[in-house]
Amino acid sequence: MTDFANRLISWQKIHGRHDLPWQNTTDPYAIWVSEIMLQQTQVAAVIGYYSKFMTSFPTIADLANATQDEVLQHWSGLGYYSRARNLHHAAQTIMDEHGGQFPQDFDTIQTLSGIGRSTAAAIASFAFHQVQTILDGNVKRVLARHFAISGWTSSPKVEKALWQLAESLLPQSDMVAYTQGLMDLGATICTRSKPKCTACPLVSSCLAQQQQLTAILPTPKPKKSIPEKNTTMLILRQGDEVMLVKRPASGIWGGLWSFPEWDDSVHQDYTAIARNQFGVSTTVDAPLASISHVFTHFKLHIKPQPLSVNQHALQAREANAIWLTIEDALGAAIPTPVRNILLELSSTVAA
DNA sequence: AAGGCGTGGAC
DNA sequence: TGTCCAAGCCT
């Protein structure tokens, strides 16, 4: 056993996290769901979603038998919705091709949609006590500092070196404490800013500490400017109901319900659009305050444009359109800006 | 291989 | 405030 692993394991058992909702179980399903939710998402943001999800879908079979809409509903607001679609699809794969049992073979685990090498290693170590290394943002930061490795840690060259390094450090036992220790150290001690080096079990061998490189490692991702886009969301209203449309299965907010969007760079005759696209007669109301929503790769300026529907239109003319009360819409699989617009609408109505 | 894919915490 | 980036994966 490497000294690195030894010290990490001992530290984790005393100072690590032991009471997160997805710990203290070897149920691969419970661990799997948590690992997917935690991809690129902080623990604090996941906790509420996790318990609700596990209550609604307690087993792989329950998840496989649910509709995609039900699954996305539970993911609404969490982001990266392909995770939910892949999770649902993988549950069906497990039912169809693995007899309903989560596979234990490391390579087979990685064939499931949404599970890459690091997530597979987390599941394999936590659920099956296999000797496989994770390599998430925490581990990259810990290794880049401890071994004074420069270069953006997600560049192919550096990442490959980090995988090899991480493998070389593995213990032959105690994989639960070791894997959790890697994450705990990165999340609570070896943090991006203001790391608590005096409390670190690995400080005595940390090269960044010795060479005073802690503040500049890991090397930050190269900066890139993101484009800005504009869109108008048409809010067709009749009484306390609004119309939502189902977005395409892939792309941003794939499979979620949203307001119909209109590129308003040219046409601004919203009444004509509503008549031509949705077959309803409307009058144009005052637009709501614009919303700016920042994604990883672009910034979206949304102009919410309410339209009052004059005639009875509560039968959706298109298969991908539905009319819902604002209350029901808030419970549907909607992205965050749509939720915020609905909340604004309901407060306006109430006031 | 590089970019698509969400949202919010931390500072 | 804006900036960085988080238990990454997919194409």
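Proteins come first, then strands; the chains are lettered A, B, ... in the order of their sequence lines, and each starts at number 1.
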What integer distance in Å separates Leu87(A):CG from dG6(B):C1'?
17 Å

Counting the atoms with a prime plus P, OP1 and OP2 as sugar-phosphate, which does Thr191(A) contact under 4.0 Å by heavy atoms, base, sugar-phosphate, or nothing?
nothing

Using a 4.0 Å heavy-atom cut-off, does Gly77(A) contact any base of the nucleic acid, only the sugar-phosphate backbone, or nothing at all?
sugar-phosphate

Does Ile115(A) reach a base, just sugar-phosphate, or nothing at all? Heavy atoms under 4.0 Å.
sugar-phosphate

Give a yes or no on whether His293(A) atom NE2 has more than 12 heavy-atom contacts from other residues, nucleotides or ligands under 6.0 Å away.
yes

With a 4.0 Å cut-off on heavy atoms, is Arg85(A) in touch with a base, just the backbone sugar-phosphate, or nothing at all?
nothing

Counting only distance, no hydrogens or angles, is the base of dC4(C) paired donor-acceptor with the side chain of Arg192(A) under 3.5 Å?
yes

Starting at OH of Tyr81(A) and ending at C1' of dG4(B), how long is that distance when rounded to a whole Å?
15 Å

Glu327(A) atom CD: more than 12 heavy-atom contacts under 6.0 Å
no

Where along residues 118-128 of chain A does a heavy atom fall under 4.0 Å from DNA chain B?
none

Sidechain-backbone polar pair: Ser10(A) side chain, Arg7(A) backbone, donor-acceptor under 3.5 Å
no

Please check if the side chain of Arg339(A) supplies one atom and the backbone of Gly77(A) the other of a donor-acceptor pair under 3.5 Å.
no

Euclidean distance for C1', dA6(C) against dC5(B) (whole angstrom)
14 Å

Under 30°, 30 to 60°, or over 60°: which ring-plane class applies to Trp22(A) and Tyr50(A), parallel, tilted or perpendicular?
perpendicular

Nucleic acid contacts - residues 39-55 of chain A versus DNA chain B, non-hydrogen atoms under 4.0 Å
Gln40(A), Thr41(A), Gln42(A)

Is any side-chain heavy atom of Val284(A) closer than 4.5 Å to one of Thr271(A)?
yes

Over all strands shown, is Lys224(A) touching base, sugar-phosphate only, or nothing at heavy-atom distances under 4.0 angstrom?
sugar-phosphate

Does Leu300(A) reach a base, just sugar-phosphate, or nothing at all? Heavy atoms under 4.0 Å.
nothing

Let me know the distance between CD of Glu35(A) and P of dA7(C), rounded to the nearest Å.
11 Å

Heavy atoms from C-beta onward define the side chain here; which of dG6(B), dA7(C), dT7(B) lies closest to that of Arg83(A)?
dG6(B)

Report the nucleotide, chosen from dC5(C), dA7(C), dT7(B), that has the shortest atom-to-atom distance to any side-chain atom of Leu38(A).
dA7(C)

Mind calculating the distance between NZ (Lys194(A)) and P (dC11(B)) to the nearest angstrom?
6 Å

What are the two closest non-hydrogen atoms of Lys299(A) and Ser292(A), and how far apart are they?
CE-CB, 4.1 Å

If I take atom OH in residue Tyr80(A) and atom C1' in nucleotide dA6(C), what distance separates them, rounded to the nearest angstrom?
9 Å

Mind checking the C1' distance from dC4(C) to dG6(B)? Whole angstroms is fine.
15 Å

Could you tell me whether Arg117(A) contacts a base, only the sugar-phosphate backbone, or nothing, with contacts defined as non-hydrogen atoms closer than 4.0 Å?
sugar-phosphate

Measuring from the side chain of Thr336(A) (C-beta onward, heavy atoms only), which nucleotide among dC4(C), dC5(B), dG8(B) has the closest atom?
dG8(B)

Glu159(A) has an atom CD; how far is it from atom C1' of dG8(C), in whole Å?
9 Å

For a quick check of understanding: with a heavy-atom distance under 4.0 Å over all strands, which category does Trp75(A) fall into, base, sugar-phosphate or nothing?
nothing

How far does the P atom of dA7(C) sit from the matching atom of dC11(B), given to the nearest Å?
14 Å

For dC5(B), does OP1 or OP2 lie under 4.0 Å from any side-chain N or O of His297(A)?
yes

Any side-chain heavy-atom pair from Phe57(A) and Asn65(A) closer than 4.5 angstrom?
no

Between Lys246(A) and Trp257(A) (side chain of the first, backbone of the second, donor and acceptor by atom type, cut-off under 3.5 Å), is there such a pair?
no

Counting C-beta onward and ignoring hydrogens, is there a side-chain heavy-atom pair between Ile134(A) and Phe126(A) closer than 4.5 Å?
no

Let's see if you can work this out: which of dA7(C), dT7(B), dA1(B) has an atom nearest to the side-chain heavy atoms of Pro156(A)?
dA1(B)

Is there a donor-acceptor contact under 3.5 Å from the side chain of Ser76(A) to the main chain of Gln73(A)?
no

Rounded distance in Å - CD1 (Ile226(A)) to P (dT3(C)):
9 Å

With a cut-off of less than 4.0 Å, is there a side-chain N or O of His293(A) near OP1 or OP2 of dT7(B)?
yes

Classify Ser193(A) by what it touches in the nucleic acid, base, sugar-phosphate, or nothing, heavy-atom distance under 4.0 Å.
sugar-phosphate

Which nucleotide sits closest to the side chain of Lys221(A): dG6(B), dC5(C), dA7(C)?
dC5(C)

Between dA1(B) and dC9(C) - C1' atom distance, rounded Å:
14 Å

Check the phosphate of dT7(B) against Trp253(A), side-chain N and O only, distance under 4.0 Å to OP1 or OP2. Yes or no?
yes

Should the ring pair Phe4(A) and His146(A) be called parallel, tilted or perpendicular, given that the plane angle runs from 0 to 90° and is split at 30 and 60?
perpendicular

Measure from CH2 on Trp152(A) to C1' on dC4(C) and round the result to the nearest Å.
13 Å

